[in-house]
Undergrad: 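Structure in structure tokens, see below.
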Amino acid sequence: MKFALAVISAVLVGSLLAADLPDAAPCDPTLCSLPHCRCTDTTVPGGFTAANTPQFVILTFDDGVNVNNMVLYRSLLSNRRNSNTCPAAATFFVTHEYTDYTLVNELYNAGHEIALHSITHQVSVDYWREADYATMMREFADQRSQIAHFANIPVNSVHGVRLPFLQMAGNASFQMMASAGLTYDITWPTNDYRDPGLWPYTLNFRSTQDCVIPPCPTASIPGPWVIPMNSWTDLQGLPCAMVDTCFHHPHGADQEGWFNFIMQNFQRHYLGNRSPFGFYVHEWFVRVNPGLRFALERFLDVVNNLNDAFMVNAKEVTDWVQNPVPLNVYRQRPCQNRLQTQCGANFCGPLRAPTADKNYYMQVCSTCPRVYPWINNPLGL
Ligand SMILES: *[C@@H]1O[C@H](CO)[C@@H](O)[C@H](O)[C@H]1NC(C)=O
Ligand SMILES: [Zn+2]
């Protein structure tokens, strides 16, 4: 009975929520202003000239964090500083499976941002395309508690979302973000707005961004920010949202070719409207293309030496967009200090998985879970 009631009320809440979402109207700039609203736009927030605008570089890596990919993360990112002496940082969209949470703790303590990429990372894109609000809550809102618990990082340090396979789910993920208090999404590619690129914006009003992987949101959903994935242009002019999906790219060993390829894409932003430059990639792709690996290192060295470019966490970009300040003011700001968190590492297992006939082992900074954590039981209680 209790169960039946719960099901009925869940169905009711679900349909009420869907019905309650108002259609988004065309954006009216007089009704949409910072810090909480911005129309889909290529103009610089705050109205600064490009020369007075910091060029942000957002470097992200997706999927499980473990000993295999940590080798590259450490060698590529350790002890990097921007020209304003503040630590340079990357953003990690983490999935639960095959993640070593002690390494997530290490990345956090090194100043990087930990963001959400779902608990299950289900391989079916239909699952993600059709995911409703409740599924999004279980995959992402619950993942935030999960990652905070097992990596021992503050729950309020987790702000970002990227949907698996960049598969959008209409309003559902943004509705989840609004109710869970998540700040930004980096899932939505744009091919049309490459030159000039799009700056981050909100969904109070109807987005005018092209919908590359439908369905895209059309409801008015105040709160979350879209950080558009301003696509790169490959060697034949085709768009690619992630570096590893560029079809025509330099040969794996061609460091010079890769460096020029990266710089050409960077300069479209840097010499253009300074919209954030995204370097979105998977670790395996960098590992199998040694030319890219060295070119990326060289590129980050270039960025770290420019007086007007900054390699920062994605959240810092939305912070700046909400409260924009000119380059000279931004440069002189004190660096953000992060309290270090301890990790009393535990090696756990074998843990029974709820779905597969399979045992898992986990490295965590908490006590060991009773069973393997999964959706509907993110802490493995
Ligand atoms: C998003 O919400 C709007 C407004 O309620 C609705 O018209 C639209 O169909 C929804 N999109 C999807 C994919 O459900
Ligand atoms: Zn992924």
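As the structure is a prediction and not an experimental result, all values here were calculated from the model. The analysis underlying the following values was restricted to heavy atoms, covering all of them including side chains, and did not include hydrogens, waters or symmetry mates. Both counts, for ligands and for their atoms, begin at 1 and track the order of listing.
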Undergrad: Answer yes or no: does atom CZ of R352 have more than 12 heavy-atom neighbours from other residues, nucleotides or ligands under 6.0 Å?
TA: no
Undergrad: Please check if the number of heavy atoms outside L339 that lie under 6.0 Å from its CG is greater than 12.
TA: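 Counting other residues, nucleotides and ligands, CG of L339 stays at 12 neighbours or fewer.
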Undergrad: Which atoms of ligand 1 have any heavy atom of L21 under 4.0 Å away?
TA: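 Those of ligand 1 that fall under 4.0 Å from L21 are 4 (C), 5 (O).
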Undergrad: Is C32 close enough to C39 that their SG atoms are under 2.5 Å apart?
TA: no
Undergrad: Could you tell me whether G170 and ligand 1 have an N or O pair separated by under 3.5 Å?
TA: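 No, since none of the N or O atoms of G170 sits under 3.5 Å from an N or O of ligand 1.
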Undergrad: Salt bridge or not for R129 and D126, using N-O below 4.0 Å?
TA: yes
Undergrad: Would you say D62 reaches the Zn ion (ligand 2) with an N/O/S atom under 2.8 Å?
TA: no
Undergrad: Can a salt bridge be assigned to the pair R331 and D308 using a cut-off of 4.0 Å between side-chain N and carboxylate O?
TA: no
Undergrad: Of all the atoms in H282, is at least one N, O or S atom closer to the Zn ion (ligand 2) than 2.8 Å?
TA: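 No, H282 does not qualify, because none of its backbone or side-chain N, O or S atoms lies under 2.8 Å.
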Undergrad: Tell me which N, O or S atom of D63 sits nearest to the Zn ion (ligand 2).
TA: OD1
Undergrad: For atom 1 (C) of ligand 1, state which one of N171, I221, T218, D23 supplies the nearest heavy atom.
TA: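 Comparing heavy atoms across N171, I221, T218, D23, the nearest one to atom 1 (C) of ligand 1 lies in N171.
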